[in-house]
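The structure appears right after this line, and notes come after that.
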Amino acid sequence: MKLFNKHAIELFCEKSDEDSAVIVAKNITDVLEENFCKIALKNRVAGKFVKTMPACELFNNSWTLNSTITLLFVFESSQIEFNTVKMTSNKFYAFLKKVKLAWKNRNSNTKKAIKKEKKQAKNKNFTKTNIQPEKYDISALQKDFFNEILNYFSNETTIVLKQNMISILASQDLGFNIDVYFALSTEKNLKFKFIDSIKNKIIEVDFTKRRENLQKKSVETAGKIYPILRCLNNLYYNLIGCMPSQMLMESLLYNSPNCLFGGENNCENLISIVNFINFSNICSFVSILDNKTKLFDDKIINANISSVSKFFKTIGNVFDF
């Protein structure tokens with residue numbers, strides 16, 4: 001079934017107005033910094049705020065109407081880092097944590113639990129004051145953040161505490177959804193430490209090479225990489241129903257020869273790149289994060305070969321030109 005003609009593809013390549021997203025990102029940054037200061041006043045273990053920075057479409061100049069504002073909240077705390085490393089490296093602790101979570105979920109609907117929850121809700125001054133510095137890790141910080149920012153939004157906004165981040169579903173209030181990831185700072189400006197609570201380990205991510213490679217590709221293609229990035233984002237959203245990994249899309253275009261970006265228009269460039277990817281051995285592609293690492297071996301991007309191949313083959317089948 002042919003879904004997209006040349007006009008639609010050219011529209012997908014156009015730059016969306018990201019000014020409103022930048023303003024919202026700045027306002028959210030102010031809210032996060034203010035609440036971090038509140039938490040730090042109550043709990044010195046929290047450390048100090050370093051910065052927030054965009055991680056996805058605002059990072060790579062490929063913002064679309066369907067994009068989510070993704071921010072890294074970067075802070076510095078040697079105690080939280082130590083506690084997090086200690087907790088995640090302890091297999092027994094990881095097992096115990098899962099057991100506690102399962103037990104909590106099992107008992108959350110009992111009469112006793114409901115009675116306790118109602119009692120705490122009535123007591124507006126109820127706060128948890130028994131902070132144990134030696135046990136306060138990054139997960140505990142995320143929970144404190146979650147509790148602090150609840151009052152900043154209306155009932156139309158849903159705030160969800162996930163394993164590695166906080167999602168603020170504020171499309172009604174602010175016009176955008178926001179994902180906030182918490183990261184520990186390092187000595188490098190674009191290098192961060194994340195906790196993978198599923199695998200129970202600390203992961204270091206360095207965006208330095210990512211930015212350098214993107215800038216290099218932009219120069220080599222006279223900036224034509226960005227319209228194709230925006231187009232792929234829009235196509236992925238329309239065909240799959242969600243936004244793709246930006247580092248995956250960046251990697252695929254980084255591995256595409258510069259001559260493929262030299263067509264008369266964006267539509268021609270897209271066709272050349274899609275054909276190239278469909279007929280290439282993408283297993284040999286390298287990661288945008290590290291030229292020495294194969295794309296599908298990069299644990300940060302965590303891409304699936306069959307999913308990528310299926311997506312690009314689908315693109316080839318929906319062009320109406």
Side-chain angles (χ1 to χ4, degrees), residues 12 15-39 46 49 51-75 101 104-105 108-109 117 120-121 124 128 138-183 192 194-198 205 229-230 232-249 300-302 307:
F12 281 170
K15 187 173 183 179
S16 299
D17 180 15
E18 63 182 43
D19 292 344
S20 298
V22 171
I23 293 171
V24 170
K26 185 180 182 304
N27 291 338
I28 291 295
T29 294
D30 292 340
V31 169
L32 293 173
E33 185 176 357
E34 179 183 337
N35 282 280
F36 185 82
C37 291
K38 287 182 181 179
I39 294 169
F49 168 75
K51 63 179 176 180
T52 60
M53 63 167 284
C56 287
E57 293 92 319
L58 289 177
F59 181 91
N60 65 10
N61 195 25
S62 65
W63 183 260
T64 72
L65 294 175
N66 301 307
S67 295
T68 293
I69 298 173
T70 304
L71 298 173
L72 299 185
F73 182 87
V74 186
F75 69 101
L101 180 61
K104 181 180 178 182
N105 292 337
S108 60
N109 293 318
E117 186 177 345
Q120 290 179 357
K124 295 181 180 180
K128 186 175 180 179
I138 198 167
S139 297
L141 177 66
Q142 288 178 196
K143 289 177 184 176
D144 283 347
F145 251 104
F146 174 79
N147 292 326
E148 288 288 347
I149 66 175
L150 283 174
N151 297 324
Y152 279 80
F153 303 94
S154 75
N155 292 333
E156 293 182 342
T157 292
T158 301
I159 304 175
V160 183
L161 178 62
K162 298 182 179 180
Q163 286 184 313
N164 299 311
M165 41 92 80
I166 291 177
S167 280
I168 304 171
L169 308 179
S171 58
Q172 296 297 319
D173 268 353
L174 304 176
F176 305 97
N177 293 328
I178 304 107
D179 288 340
V180 181
Y181 290 84
F182 291 81
F192 314 104
F194 295 89
I195 176 174
D196 187 333
S197 50
I198 297 175
V205 180
L229 260 177
R230 289 191 286 270
L232 289 175
N233 284 341
N234 280 309
L235 285 169
Y236 196 94
Y237 184 85
N238 280 276
L239 294 172
I240 309 300
C242 60
M243 293 298 287
S245 161
Q246 294 306 290
M247 290 180 285
L248 170 59
M249 293 300 154
I300 307 300
I301 299 177
N302 196 27
S307 297

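Owing to the predicted nature of the structure, the values given are computational and were not obtained by experimental measurement.
- Distance check: E33 CD to F73 CZ gives 7.5 Å after rounding to the nearest 0.5 Å.
- Atom CD of Q172 and atom CZ of F153 lie 14.0 Å apart (nearest 0.5 Å).
- When every heavy atom of V180 is checked against every heavy atom of M165, the shortest pair comes out as O-CB, 3.1 Å.
- Nearest approach of E57 to M243, heavy atoms of both residues: OE2-CE, 2.9 Å.
- Using a distance-only test at 3.5 Å, with no hydrogens or angles considered, a donor-acceptor pair links the side chain of N147 to the main chain of K143.
- By the side chain to side chain donor-acceptor pair (under 3.5 Å) test, T29 pairs with T52, sequence neighbours left out.
- Under the 3.5 Å distance criterion, the side-chain polar atoms of R230 are left unmatched by any main-chain donor or acceptor of S16.
- Here S307 pairs with N304 under the side chain to side chain donor-acceptor pair (under 3.5 Å) rule; sequence neighbours left out.
- N35 is listed as a side-chain neighbour of K38, based on a closest heavy-atom distance under 4.5 Å.
- Residue pairs meeting the ring-ring contact (aromatic ring centres under 6.0 Å, His included) criterion with at least one member in residues 158-181, sequence neighbours excluded, are W63-F176.
- Remark: E18 pairs with no residue by the side chain to side chain donor-acceptor pair (under 3.5 Å) rule, at least two apart or across chains.
- No donor-acceptor contact under 3.5 angstrom links the side chains of D179 and T68, judged on distance only.
- Once rounded to the nearest 0.5 Å, the distance linking OG1 of T157 with CG of L174 reads 6.0 Å.
- For N60 and S62, the side-chain atoms include at least one donor-acceptor pair closer than 3.5 Å.
- No side-chain heavy atom of I178 sits less than 4.5 Å from a side-chain heavy atom of S167.
- Under the 4.5 Å side-chain criterion, counting only non-hydrogen atoms from C-beta, V31 is in contact with I149.
- Between I69 and I28, the closest side-chain pair of non-hydrogen atoms is not below 4.5 Å.
- Scanning all heavy atoms of the two residues, the minimum distance from N66 to Y237 falls at ND2-CD2, 3.2 Å.
- For the atom pair OG1 (T70) and CE (M53), the distance works out to 11.5 Å, reported to the nearest 0.5 Å.
- Side-chain contact check for K162 versus F146: every heavy-atom pair is 4.5 Å or farther apart.
- Surrounding CG of N155 are at most 12 heavy atoms belonging to other residues, nucleotides or ligands under 6.0 Å away.
- Separation of atoms OH (Y236) and CE (M249) is listed at 6.0 Å; rounding is to 0.5 Å.
- Evaluation of the salt bridge (charged side-chain N to carboxylate O under 4.0 Å, His left out) rule for D17 yields no partner, not counting sequence neighbours.
- When all heavy atoms of M247 and I300 are compared, the closest pair comes out as CE-CG2, 4.2 Å.
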Item to complete: Assess whether side chain to side chain donor-acceptor pair (under 3.5 Å) is satisfied between N233 and Q246, documenting all intermediate values.
Response: CA-CA 8 Å; N233 284 341; Q246 294 306 290; 2.9 Å; yes
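- Looking at residues two or more places apart in sequence or on another chain, you find no side chain to side chain donor-acceptor pair (under 3.5 Å) involving N27.
- Annotation: F182 is not in aromatic contact with F194 [ring centroid separation under 6.0 Å not met].
- In the displayed structure, L150 atom CG is contacted under 6.0 Å by more than 12 heavy atoms of other residues, nucleotides or ligands.
- Here CG of N177 is found 9.5 Å from CD1 of I168. Values are rounded to the nearest 0.5 Å.
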